[in-house]
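Treat the numbers as computed from the prediction; the structure is a model and nothing was measured.
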Amino acid sequence: MFSISGLNNEQRKAADTIEGPVLILAGAGSGKTRSITYRMANMVENYGLDPKTILAVTFTNKAAREMKERVTGLLGKKKSKGITLSTFHSLALKILRAEIEKLGYSKNFTIFDTADQMSLIREALNSYQGEKSFDRKSILAQIGKLKSAGISSEEFSRTDNFNTDLDYDLATEHCYQFYTDKMKFYNVIDFDDIILLTVKLFKLYPEIAEKYSRRYQYIMVDEYQDTNQLQFSMILGLTSTHNNLCVVGDDDQSIYSFRGADITNILNFEKHFSGCTVIKLEENYRSTEPILNLANNVIKENKRRKEKSLRTSNTEGISPVLWKCADTDHEAQTIVEEITKFQSSGGHLSNMAVLVRSTTQFPALEDQLRISMVPYVLVGGQKFYERKEIKDVLAYLSIMHNPKDEIALRRILNVPSRGIGAKTLEKYLDLAKEKNIHLYNAFKDCPGLDPKKEKCISAFVDLIEEFKQKIASAPLEHGIKDLIERLNFHTYIDGFYKQKKQANRRKEDLARLVESAERFTKFFGESAKLRNFVEKMILQDTPDKDESSASDDNIRKNEVTLMTLHSSKGLEYDHVFLVGMEEELLPHKKSITQGDDIEEERRLAYVGLTRAKLRMVMTYACERKIYGRDLKRFPSRFLATISNDLYQNIDKNSFSDLSEEEVKTYKKNFFDDLISKIDV
DNA sequence: GGTTATTATTTTTTT
DNA sequence: AATAATAACC
């Protein structure tokens, strides 16, 4: 018998209300994950439900893996194995893999990431006869919005969203049409399509929705405040034969509206699912009272939120502080100094996190951490597969799997250079257009279009065909390794990056790619298909070796975590540095100038503050380098509304916070440093 | 056709 | 400051 008696009253109610719709409003640190993992264990152990009927959807693959671990801890490997724990995208992709042919795509479709989308939009704009130059990004954003609102490219011009007088709308219409047509022709889909097509499938073939709905009798959705309209429709499909839907979320932590997250999903849940049980978790087990008071004081300024009061019985604690620093480097230095102090007093670095609003804040912090030789791990920021050299190799793999993917083909057509330049490409594009065939087939069928180039082109086509065979017959990692060697990619990198350090870094990345392919084949064995590998790379669904070893012995590495506020959601640390509490960073400049949602920025600050268990250190710099210029900076408006007794102001730029002894050492070190520099 | 120099442009956050 | 896009050169 599995016991849920370790939970408080509300948590127990959450874990023990199994049938029908349930809304769990879980404040920060209120034991949300604990409640839902217990809920799953409770369902299996005490209600005798088949684990195979349980589906839990999380926001990131990382969160899914973490939850899986915790459920396994409660249920054991055998029973937890049946439970499906996945993201919306992974789940939808699984469905599409089985059913996409019904929508006129073939099964070997590939996935476009944002960079691929951008190149397609560029193509679209090139073929557009507008006088003005348009911003690709905002056009793509507009298309994304239309897609998630369910408006097709044909419908767009007939909706209220469309204004004939606006140049941008006309351009968008052209691009949207161009984009949709090409995507289909290339047999590729984008991130939005993964959900969109699944929803379309559910609508056109209700029996498919029913099939999955019957399979997943009990559905849980984590971080419900960050779901968008499409995901909501997908949920409707999945619950078409029952209403056992349990969603968990906190409207105060909704921070993804830029990606279409719709906060009304959680605010209106009770309307969407009548007769639902509402459970509020308001007891905070994470932070001490001083930290919680500060966080509550920040978030209470938001107008659009459900009133709630987070409380804690943990009344004793260190007062949060705000450090005033001179500039970006001084800020980083001061933080790293504090970290080394903590380290030398015997603290474990896994208990510390440094949180930032923007990834541009990373380099300064990383520099200081490296100088002081503090081990750290980066979360968020540029994705591994987005690095140029990785994308290049993945592009080769993509066209082996889906030769219609013209964007991938053009990406590597002359990388490394093999004498197929812009002129040749143009000729073949014309040929392909004229014969209405795919670009790759044009190369394959007519290598001698330009006799001077015949050799280059046949060599290229042969290479692709050869490796297509090779990769299908040998373990994936061998194929990739051989490909990198055959292409002389290392030499290419040496030529491209003049600095040796940079070049070596890129080569290490390639080695990492081979390693991750190796882990992939090890894990999936015979069914380790090229396509799944590329897919998993793009969806960030590749547990790296750090994580797997950590789960093996369950020892957290002795390193500081450096990450964006967005990726910190759901995590907690004893000591947290919230870096850059200043205007134009938090709230971000874009949200100020575009009159965008300041409330979301405030929620972001709230998320950051509520990560801390024991100590909160906020910092800001009086001067920061932006576009290579030093600009004056000011403390965040979010601090202005807070009464002074809730945090302590410390001026790190003067000696006022140091003891006499510390000032002495500081000055001595300063002069020693100076002298050593003069010596050299 | 390829390489290099010059100029423009950028910075939110992520599946 | 760093990178991408473009122009000018070989």
Without decimals, in angstroms, what is the distance between A:Arg418 CZ and B:dT3 P? 13 Å
Expressed in angstrom and rounded to an integer, what is the separation of A:Ile626 atom CD1 from B:dT10 atom P? 16 Å
Choose from B:dT3, B:dT11, C:dA4 the nucleotide whose nearest atom is closest to any side-chain atom of A:Lys388. C:dA4
Base, sugar-phosphate, or nothing for A:Lys383, non-hydrogen atoms under 4.0 angstrom? sugar-phosphate
For A:Met537 and B:dT15, what is the distance between atoms CE and C1' respectively, to the nearest whole Å? 15 Å
Answer with base, sugar-phosphate or nothing: what part of the nucleic acid does A:Ser90 contact at a heavy-atom distance below 4.0 Å? nothing
side-chain hydrogen bond (donor to acceptor under 3.5 Å, both in side chains) for A:Asn302 and A:Tyr606? Distances and angles first, verdict last. CA-CA 11 Å; A:Asn302 272 3; A:Tyr606 177 74; over 6 Å; no
Worked verdict on A:Ser86 versus A:Thr84 for side-chain hydrogen bond (donor to acceptor under 3.5 Å, both in side chains): CA-CA 6 Å; A:Ser86 137; A:Thr84 306; over 6 Å; no
Between A:Asp116 and A:Arg411 (salt bridge meaning N to carboxylate O under 4.0 Å), is one present in this structure? no
Assign A:Lys452 to base, sugar-phosphate, or nothing according to its heavy-atom contacts below 4.0 angstrom with the strands shown. nothing
Quick check for you: among B:dT14, B:dG1, C:dA5, whose closest atom lies nearest to any side-chain atom of A:Arg136? C:dA5
Taking the six-membered ring of A:Phe109 (Phe, Tyr or Trp), confirm whether the NZ or CZ of A:Arg531 is under 6.0 Å from its centre and within 45° of its axis. yes
With rounding to the closest Å, how many angstrom separate the P atoms on B:dT11 and C:dT6? 16 Å
Supply the atom-to-atom distance A:Asp509 CG to A:Ile493 CD1, rounded to the nearest 0.5 angstrom. 8.0 Å
Would you indicate what A:Asn414 reaches in the nucleic acid, counting non-hydrogen atoms under 4.0 angstrom: base, sugar-phosphate, or nothing? sugar-phosphate
For nucleotides 4-9 of chain B, print each protein N/O atom paired with a nucleotide N/O atom at under 3.5 Å, atom names and distance only.
none

Can you tell me the distance, in whole Å, between the CD atom of A:Glu386 and the P atom of C:dT3? 14 Å
Taking DNA chain B as the partner, which of residues 359-369 of chain A come within under 4.0 angstrom of it by heavy atom? A:Thr359, A:Thr360
Can you tell me the distance, in whole Å, between the CZ atom of A:Phe59 and the P atom of B:dT13? 15 Å
Please work out if A:Ile420 contacts a base, only the sugar-phosphate, or nothing of the nucleic acid, heavy-atom cut-off 4.0 Å. sugar-phosphate
Using the C1' atom on both, measure B:dT13 against C:dA4 and round to a whole Å. 22 Å
Across the strands shown, which category fits A:Tyr256 at heavy-atom distances under 4.0 angstrom: base, sugar-phosphate, nothing? sugar-phosphate
Regarding A:Arg122, tell me which of base, sugar-phosphate or nothing describes its non-hydrogen contacts under 4.0 Å with the strands shown. sugar-phosphate
Is there a donor-acceptor pair closer than 3.5 Å between any side-chain N or O of A:Tyr428 and the backbone N or O of A:Cys446? yes
Would you please indicate yes or no on a ring centroid separation below 6.0 angstrom for A:Phe489 and A:Tyr492? yes
Side-chain N or O of A:Ser358 closer than 4.0 Å to phosphate OP1/OP2 of B:dT13: yes
For A:Thr564 and A:Lys137, find the nucleotide of DNA chain B closest to each by heavy atoms; which residue's nucleotide sits nearer the 5' end? A:Lys137
Quick one: A:Gln117 CD to B:dT14 P, roughly how many Å, whole number? 16 Å
Does A:Thr114 make a side-chain N or O approach to OP1 or OP2 of B:dT14 shorter than 4.0 Å? no
Sequence neighbours excluded, which residues qualify as ring-ring contact (aromatic ring centres under 6.0 Å, His included) partners of A:Phe524? A:Phe520
In whole angstrom, give the distance that lies between atom CG of A:Leu425 and atom C1' of B:dG2. 15 Å
Lys/Arg N to Asp/Glu carboxylate O, A:Lys569 vs A:Asp226, below 4.0 Å: yes
Would you check if the side chain of A:Asn108 reaches a backbone N or O of A:His401 as a donor-acceptor pair within less than 3.5 Å? yes
d(NE2, A:His588; C1', B:dT14) in whole Å: 15 Å
salt_bridge(A:Lys147, A:Asp192) N-O dist < 4.0 Å: no
